[in-house]
Amino acid sequence: MSTKQRIAVALGVFVLLGALAFLGWSYETKRAAPGPAAGAVTVDVTSPGDSGSGTLREALFIAAAAKGQATVVIRTKTITLQAGLPPLVNAHGVRIVAAQPGAEIDARALTAGPVLDVVGDNTSIEGVALRNCSGTAILLRAAHFHLQSSAVESCDVGVDVMDNASDVLLEHNRFASDRIGVRFGAPSRNTVVVGNSFLQDKDAGLWAVRGSADGRAGTITVRDNHFSANGSGVVTGNVSLLVEHNDIASSRDAAIHLIGGGAVIRSNQIRGGTTMGIVAEYAGEAVIDRNELEQFATYAIMVRGSPNALVRGNRIHSCGYGMALVLGEPRKPITVVGNTIIEPKFDGIDVMGDSPILRHNQVLRPHNLALHVLDYPLGGENVTARPFLEGNNFRANALQTAEDLQMGDTQMSAAVQPATQRK
């Protein structure tokens, strides 16, 4: 074989090897490249009607039968329902999204049942408005649910979270003119309610109440929400709840009402109510910490019968009264420490049949008494009030001088009025 022939063969072999290498790389790249999941389906809702081609009802039936994740895109401005929809269920998840944010589902014709019944895990709803529900807008009976940038208005209950639901995220939604915006029937693991608006909900913006204490783990986090002109902002009973960094204004009843244990109320702005700010009843080991409360007609904070509760570092100003501590357990006293009460219209702290620990609190410019201690009539007998005082700055009169600021607890006789002297 000549030299030229050997060179030609070598070049051919080189080109062949290069081609094989390229084909192998191309195959691996295509095999590894992401693509639509097997069986995934996208369904467009183009009809505003209740049934038939292009309707939401048809889309949910298709989603339930899909072999992969189903995405339902609402492309019509309004959907008017005449009957209940099929449940949202798909082993791979269902996503409902409005092509134009604010697409409305009008449920005024429904007389019973939820508008959307979420039965399957991994369901999400985004940018949808549900209005005029005589019952529940969204009934949640599954895990891994996400509601985002949606609105629920003029319904009985906005989102009703059942006992078996967990890993719930409700963010940046609007709940307005409902009876209850969001309701939890039990603790819910890995659940967050964040950045929502609750406006003019008749009974409460958020309601988390269980008939008896529940030992299951799972604290619901409620943070960075805005509550305005609701019956109550938050009502919780026997459900573990962390309520922090919320803005709660103009509640008709108590802004936050705690019944039973398991709640932490921390760093909230609470203002402008016709009754009381925070009410804790039989809320053992509740923590009310570093909240700011202003302009309440009666008490900013009332704690009743709540063993080992902690009221710490709160700032209260321009309210009828500062705090009421009522009928606590002497062996498991309430601890009230580091709170500041500024210019109450009447008393700063009322202690009624309770024996709390009061440390390092201050009442500035009270219009009546800084500290008012009363026995409490109960069952034909008086329950004696015996607060423990340490390092407080209390003042009985409305005027305050530099000397008064140095008054110690041993000089409290003028600031403490016995029950027999109360008018």
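The backbone N or O of R141 sits less than 3.5 Å from a side-chain atom of N164, completing a donor-acceptor pair. At least one donor-acceptor pair under 3.5 Å links the side chain of N225 to the backbone N or O of G195. With hydrogens and angles disregarded, no donor-acceptor distance shorter than 3.5 Å links the side chain of D201 to the backbone of N230. Not one N or O on the side chain of D247 forms a donor-acceptor pair closer than 3.5 Å with the backbone of F227. Looking at R75, its side chain never comes within 3.5 Å of a backbone N or O of S47 through a donor-acceptor pair. Here the side chain of S177 pairs no donor or acceptor atom with the backbone of S154 at under 3.5 angstrom. Put simply, the side chain of H226 never gets that close to the backbone of F198: no donor and acceptor are under 3.5 Å apart. N392 places a side-chain N or O within donor-acceptor distance of the main-chain N or O of H360, the cut-off being under 3.5 Å. Checking side-chain atoms of S306 against main-chain N and O of V303 turns up no donor-acceptor pair under 3.5 Å. S228 contributes no side-chain N or O that, together with a main-chain N or O of L199, makes up a donor-acceptor pair within less than 3.5 Å.
Annotation for C319 and T298: closest pair CB-O, 4.1 Å, computed over non-hydrogen atoms. Contact between P307 and G305 at its shortest, heavy atoms only, is CD-O, 3.4 Å. Residues N361 and V336 come closest through the heavy atom pair ND2-O, 2.9 Å. Between N314 and N291 the shortest heavy-atom distance is OD1-N, 2.9 Å. In this structure, S232 and D253 approach most closely via the heavy-atom pair OG-CB, 3.6 Å. A pairwise comparison of heavy atoms in S134 and A112 identifies OG-N, 4.2 Å as the closest pair.
A salt bridge between R266 and D289 is absent, with no side-chain N of the basic residue lying under 4.0 Å from a carboxylate O of the acidic one. A salt bridge is defined here as a Lys NZ or Arg NE, NH1 or NH2 lying under 4.0 Å from an Asp or Glu carboxylate O, and D178 with K202 fails to meet this definition. One finds a salt bridge joining E390 and R359 here, because a Lys/Arg side-chain nitrogen approaches an Asp/Glu carboxylate oxygen to under 4.0 Å. Using a 4.0 Å cut-off between charged nitrogen and carboxylate oxygen, R304 and D354 do not count as a salt-bridge pair.
A donor and an acceptor atom, one from each side chain of E281 and H257, are located under 3.5 Å apart. For the residue pair E292 and H317, a side-chain donor N or O sits within less than 3.5 Å of a side-chain acceptor on the partner. With no hydrogens or angles considered, no side-chain donor-acceptor pair links Q269 and H245 at under 3.5 Å. Donor-acceptor pairing under 3.5 Å is recorded for the side chains of D347 and H372.
Side-chain atoms of I316 and I342, non-hydrogen and from C-beta on, never get closer than 4.5 Å to each other. Side-chain contact check for I265 versus L258: some heavy-atom pair is nearer than 4.5 Å. Here the side chains of V239 and V209 are not in contact, with every heavy-atom distance at 4.5 Å or above. Between I256 and I248 there is a side-chain heavy-atom pair separated by less than 4.5 Å. In this structure, T71 and V73 have side chains that are in contact, with non-hydrogen atoms separated by less than 4.5 Å. Residues L358 and F388 fail the side-chain proximity criterion, which asks for heavy atoms closer than 4.5 Å. Side-chain contact between L327 and M352 is absent, with no heavy atoms from C-beta onward closer than 4.5 Å. Within the 4.5 Å cutoff, the side chain of V168 has no heavy atoms near those of the I220 side chain.
To the nearest 0.5 angstrom, D44 atom CG is 7.5 Å from T42 atom OG1. Rounding to the nearest 0.5 Å places CG of L147 at 4.0 Å from CG of N173. Note: N196 CG to N246 CG = 9.5 Å, rounded to the nearest 0.5 Å. Rounding to the nearest 0.5 Å gives a distance of 12.5 Å between CG of N122 and CG of L88. Note that the CG atom of D163 and the CZ atom of F184 stand 12.0 Å from one another [nearest 0.5 Å]. In this structure, CZ on F394 lies 11.5 Å from CG on L369, to the nearest 0.5 angstrom.
Checked against ring pair (Phe, Tyr, Trp, His ring centres under 6.0 Å), F346 has the following partners two or more places apart in sequence or in another chain: Y321.
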Exercise for review: Test side chain to side chain contact (heavy atoms under 4.5 Å, CB included) on V128 and I74 and set out the steps.
Suggested key: CA-CA 9 Å; V128 178; I74 299 177; 4.1 Å; yes

Check your understanding: Given the rule in the side chain to side chain contact (heavy atoms under 4.5 Å, CB included) test, do T80 and D50 qualify, once you have shown the distances and angles that lead to the verdict?
Key -> CA-CA 6 Å; T80 303; D50 177 77; over 6 Å; no

Practice item. Report the C-alpha separation of T221 and T191 in whole Å, then their side-chain angles, then the decisive distance to 0.1 Å, and conclude whether the side chain to side chain contact (heavy atoms under 4.5 Å, CB included) test is met. Key: CA-CA 6 Å; T221 298; T191 290; over 6 Å; no

Review point. What do the steps show when you test L85 against L56 for side chain to side chain contact (heavy atoms under 4.5 Å, CB included), and what is the final call?
Key: CA-CA 8 Å; L85 292 166; L56 178 59; 3.8 Å; yes

Mind listing the side-chain donor-acceptor pairs of residues 94-108 below 3.5 Å, one per line with the distance, residues two or more places apart or on another chain?
residue	atom	partner	partner atom	Å
E104	OE1	R131	NH1	2.8
D106	OD1	R108	N	3.0
D106	OD1	R108	NE	3.3
D106	OD1	N132	ND2	3.4
D106	OD2	R108	NE	3.1
D106	OD2	R108	NH2	3.3

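Atom CD of E285 has 12 or fewer neighbouring heavy atoms from other residues, nucleotides or ligands inside a 6.0 Å radius. In this structure, R312 places its CZ atom where only 12 or fewer heavy-atom neighbours from other residues, nucleotides or ligands lie under 6.0 Å away. The environment of CD in Q200 is sparse: at most 12 heavy-atom neighbours from other residues, nucleotides or ligands sit within 6.0 Å.
Test V337, I288, I334, V264 against L310 for side-chain contact (heavy atoms from CB on, under 4.5 Å) and you get one pass: V337.
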